[in-house]
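Reading through the structure tokens given below for one structure.
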Amino acid sequence: MFTSAITQCNALLMPSPVCDVFLRRGFPRAMANLRRKLPPLTALTVFEAVARLGGFTRAAAELGVTQAAISRQIHLLEETFGFPLFRRLHRRVELTEKGKQLSSTATTAFNLIAETISDWSREEAEDDLAIAATIAFSHFWLLPRISSFSKAHPNIRLRIITQDNAVKVDGEDVDLAIRFGTGIWPDGDAEFLFHDEIFPICSADYALEIGEIEHLGQLTRHPLITNDTADSTWTNWTEWFAAFSVPMPSKGLGMHCSFYTEAIYAALNGHGIALGWRRLVEDLLTQNRLVRLTNEAIVTQNAYFFIAPRRKARKAAVDLFIDWLKREANAPQPQGQDRFDQLMRI
């Protein structure tokens, strides 16, 4: 009857005596009846925390109150209902059957409230877009290109989250991630972007200094720049030489860096030879800031993918970014010049 009366009032285009009587008399009475049926909200909040966390101490820590305050609220709730909600055991509490029923209902209700508020927040942040990528991919591929997306969609505020440890996309902070790997990750659905190609690179000045590379074994006589990585899918010098049956020296002469970005900057500044991942260094090759030393290259078995969360509703901005990402990934790639053609044009 309460819901029906509200529906009827909302449906009327002009004021009605029936609606006026209901709003002045029925609505306050209905709300008062609802309040009388519900326990104190503070006590219910405390109960949900104790039931979820399994103890008064942990609930007190989460809510930022004392354990005595938690005990008072639970005692108030049990007095209101007239029966216990917990069994007090040695150093722990255990829900009674009625406590379990109330816990399930309270958790569902609080989750519904939280989801509603989260939906409001998402609506307010619909034009915010958080993209996660590794340091190298962000630095060498994403950031040099992303201005075209921003110009096409000036109302979308971009946030780039850059770190080499994979950022989980099933949380609240990331809308899309770009990763290199197998394409199988537990926290989201992956879609293929592109494979990559790996070959030796160095600065133009360094290439002139070392002369022509007639066979791959010559590379091992020069400083080979390396970098740390916890990613097992990342190709290093040992694996690259092994693909061509060339033994890697047991102790290299080159600089060792913490990140791939540092290795590339070391190569740019003439410290030796680094492994160039075409998709990452293609702009530097096109600008003649780096030179490809050999025709030999390996194509990666793994690939770059973008990953979207499974459980989170996708923003319209995410679809726009994915469309842009695919266009950039499929754009014609500049073909690598051989070393001497590049040097002659510098």
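From a predicted model like this one, the values you see are computed outputs, not experimental measurements.
- Residues passing the side chain to side chain contact (heavy atoms under 4.5 Å, CB included) test with H139 are T261, Y265, sequence neighbours excluded.
- Atoms CH2 and CG, on W234 and N227 in that order, are 6.5 Å from each other to the nearest 0.5 Å.
- Not a single ring pair (Phe, Tyr, Trp, His ring centres under 6.0 Å) links H256 to another residue, sequence neighbours left out.
- In summary, of the residues considered (R88, K98, R87), a salt bridge (Lys or Arg N to Asp or Glu O under 4.0 Å) with E78 occurs for R88 alone.
- Atoms OG1 and CD1, on T134 and I161 in that order, are 13.5 Å from each other to the nearest 0.5 Å.
- Within the structure, no pair that satisfies the ring-ring contact (aromatic ring centres under 6.0 Å, His included) test touches residues 97-117, not counting sequence neighbours.
- By the 6.0 Å contact criterion, CD1 on I184 is open, its count of non-hydrogen atoms from other residues, nucleotides or ligands being 12 or less.
- Put simply, CD on Q73 and OG1 on T42 are 6.0 Å apart, with the number rounded to the nearest 0.5 Å.
- Within the model, atoms CD1 of I156 and OG of S150 stand 8.5 Å from one another, a figure rounded to the nearest 0.5 Å.
- When side chains are defined from C-beta on, E296 counts as touching L216, because their heavy atoms get closer than 4.5 Å.
- The side-chain heavy atoms of L268 and R289, taken from C-beta on, include a pair separated by under 4.5 Å.
- Scored by the ring pair (Phe, Tyr, Trp, His ring centres under 6.0 Å) test, H195 finds F192 as partners (sequence neighbours excluded).
- With sequence neighbours excluded, the residues satisfying ring pair (Phe, Tyr, Trp, His ring centres under 6.0 Å) with F137 are W141, Y304.
- To the nearest 0.5 Å, atom CD1 of residue I213 and atom SG of residue C202 are 8.0 Å apart.
- One hydrophobic cluster holds both I210 and W240 under the rule that ILVMFWY side chains link at heavy-atom gaps under 4.5 Å.
- Atoms CG and CG, from L142 and L325 in turn, are 7.5 Å apart once rounded to the nearest 0.5 Å.
- Taking the side chain as every heavy atom from C-beta outward, L143 and T162 never approach each other to under 4.5 Å.
- E262 places a side-chain N or O within 3.5 Å of a backbone atom of F259 that can act as its donor or acceptor partner.
- E191 has no carboxylate O lying under 4.0 Å from a charged side-chain N of R179, or vice versa, which leaves the two without a salt bridge.
- The closest side-chain heavy-atom distance from I146 to I160 is below 4.5 Å.
- When side chains are defined from C-beta on, L193 counts as touching I178, because their heavy atoms get closer than 4.5 Å.
- In terms of heavy-atom proximity, D173 sits nearest to R159 at O-NH2, 3.0 Å.
- Here salt bridge (Lys or Arg N to Asp or Glu O under 4.0 Å) pairs that include residues 298-308, with residues two or more places apart or in two chains, number zero.
- Contact of the L275 side chain with the N236 side chain is not registered, since no non-hydrogen atoms from C-beta on lie closer than 4.5 Å.
- Partners of T220 under the side chain to side chain contact (heavy atoms under 4.5 Å, CB included) rule, at least two apart in sequence or in another chain, are F241, V246, P249.
- Hydrophobic clustering (side-chain heavy atoms under 4.5 Å, transitive across Ile, Leu, Val, Met, Phe, Trp, Tyr) keeps I135 apart from W277.
- Listed by first and then second residue, the ring-ring contact (aromatic ring centres under 6.0 Å, His included) pairs that reach into residues 199-221 come to none, sequence neighbours excluded.
- Qualifying side chain to side chain contact (heavy atoms under 4.5 Å, CB included) partners for A190, counting only residues two or more places apart in sequence or in other chains: W185, F305, I307.
- Salt bridge D319/R314: present, at least one basic N to carboxylate O contact under 4.0 Å.
- Comment: R92 engages E94 in a salt bridge, judged by a side-chain N to carboxylate O separation of less than 4.0 angstrom.
- Proximity of F140 to I264: side-chain heavy atoms (C-beta onward) are separated by under 4.5 Å at one or more points.
- Considering all non-hydrogen atoms of both residues, C257 and I225 come closest at SG-CG2, 4.2 Å.
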Kindly determine whether R279 and D196 satisfy salt bridge (Lys or Arg N to Asp or Glu O under 4.0 Å), including the steps that lead there. CA-CA 6 Å; R279 290 287 188 161; D196 211 339; 5.4 Å; no
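- Residues passing the side chain to side chain contact (heavy atoms under 4.5 Å, CB included) test with T233, sequence neighbours excluded: F180, D231, N302.
- The two residues S103 and A51 come nearest to each other via the heavy atoms OG-CB, 3.5 Å.
- Between I298 and T235 there is a side-chain heavy-atom pair separated by less than 4.5 Å.
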Step-by-step side chain to side chain donor-acceptor pair (under 3.5 Å) determination, T226 to W237: CA-CA 8 Å; T226 59; W237 274 113; over 6 Å; no
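- Membership of the apolar cluster around V50 extends to L44, V46, F47, F56, L63, V65, I70, I74, L77, F81, F83, L85, F86, V93, L95, L102, as traced through chained side-chain contacts below 4.5 Å between ILVMFWY residues.
- One finds no salt bridge joining K315 and D128 here, because no Lys/Arg side-chain nitrogen approaches an Asp/Glu carboxylate oxygen to under 4.0 Å.
- Within a 6.0 Å radius of CD in Q287, other residues, nucleotides and ligands contribute more than 12 heavy atoms.
- Taking both residues in full, the closest heavy atoms of L129 and A317 are given as CD2-O, 3.7 Å, listed atom of the first, atom of the second, then distance.
- Under the salt bridge (Lys or Arg N to Asp or Glu O under 4.0 Å) criterion, the residue pairs touching residues 53-76 are R52-E62, with sequence neighbours excluded.
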